Amino acid sequence: MEIAGNSKKIAVYPGSFDPITNGHMDILKRAAALFDQVIVAVLHNPNKNPLFSVEERMNLISEATKDYDNVAVDSFMGLLVEYVSMKSASAIIRGLREISDFENELRMAHMNRHLNSSCVTVFIPTNNAYSYLSSSLVKEVASHGRDVTEFVPSAVAKAMHEKYRKA
Ligand code: ADP
């Protein structure tokens, strides 16, 4: 068996992050404590109609993670396992909120392992306080003019308020 030696342990945390929430931040904080480097990778998904562009999402994540020295922000399109290999990462981070998340996540983890046998998916359960949070629910609340500062990093709450004020 090959011993990894001193090689850096890099993990990719992929997602839509439209926008990043305190639930995502909780997972990221835990992942950053487990790996030498975590790359938050925003997916370019042409099938979704996002509130924030990929660039806006990346800027909001960079702002929210500016105090973490081992977190980088990037974007990708296409197959996640190819992006993971390109970055020489050894793990994919996914957050779990409830059992229903797990079904789909496990299927994706099996497929990714099949496509790249060296790639490990690490599931991190969310803090209970955030188990009901999703980007889409936060957008729904903000779109009706309610304050969302308790659910998202402060720069995100401000950016959402601006978006919906203009809409
Ligand atoms: P995707 O479109 O890939 O599901 P998301 O931005 O919705 O993108 O989610 C990215 C990752 O963050 C997923 O692993 C998801 O389960 C996790 N996640 C989303 N919301 C929360 C939350 N409130 N607590 C913990 N993990 C979360």
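Here the structure is a predicted model, which means the values were calculated and not measured. Every number for a ligand or one of its atoms is a count from 1 in the order of the listing.
In terms of protein heavy-atom proximity, atom 20 (N) of ligand 1 is closest to R97 NH1, 3.3 Å. Counting protein heavy atoms only, atom 26 (N) of ligand 1 is closest to I27 CG1, 3.5 Å. In terms of protein heavy atoms, atom 2 (O) of ligand 1 is closest to S16 OG, 2.7 Å. Closest to atom 15 (C) of ligand 1 among all protein heavy atoms lies G95 O, 3.7 Å.
In the vicinity of G15, heavy-atom distances shorter than 4.0 Å reach the ligand 1 atoms 3 (O), 8 (O), 10 (C). Each of the following atoms of ligand 1 lies closer than 4.0 Å to a heavy atom of F17: 6 (O). With ligand atoms numbered from 1 in the order given, ligand 1 contributes 2 (O) to contacts under 4.0 Å with heavy atoms of K48.
For S131, no heavy-atom contact with ligand 1 is shorter than 4.0 Å. Contacts between M108 and ligand 1, counted as non-hydrogen atom pairs separated by less than 4.0 Å, are absent for every part of the residue.
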Are E55 and S53 close enough, and set up right, to give a side-chain hydrogen bond (donor to acceptor under 3.5 Å, both in side chains), and what steps lead you there?
CA-CA 5 Å; E55 202 191 346; S53 68; 5.2 Å; no
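Selection from H24, E105, R94 by nearest heavy atom to atom 18 (N) of ligand 1 gives H24.
In plain terms, the two heavy atoms of F17 and A41 that are nearest each other are CE1-O, 3.9 Å.
Ligand 1 has an N or O atom lying under 3.5 Å from an N or O atom of Y13, backbone or side chain. For ligand 1, the polar-atom distance check finds no N/O of I93 at less than 3.5 Å from any of the ligand's N/O atoms. For the pair P14 and ligand 1, the shortest N or O to N or O distance does not fall below 3.5 Å. Residue T126 has at least one nitrogen or oxygen atom sitting less than 3.5 Å from a nitrogen or oxygen atom of ligand 1, judged on distance alone.
For K158 and E63, the salt-bridge test fails: no basic side-chain N is under 4.0 Å from an acidic carboxylate O.
Judged purely by atom type and a 3.5 angstrom limit, R94 uses its side chain to pair as donor or acceptor with the backbone of P14. The backbone N or O of D18 lies less than 3.5 Å from no partner atom in the side chain of R57, so there is not a single donor-acceptor pair.
Applying the 6.0 Å contact sphere to CE of M108 captures more than 12 heavy atoms from other residues, nucleotides or ligands.
We find the CG-OG1 distance between L28 and T65 to be 6.5 Å, quoted to the nearest 0.5 Å.
Checked against side chain to side chain donor-acceptor pair (under 3.5 Å), S118 has the following partners two or more places apart in sequence or in another chain: N116.
S134 pairs in a side-chain contact (heavy atoms from CB on, under 4.5 Å) with only one of the listed residues (H24, K139, R97), which is R97.
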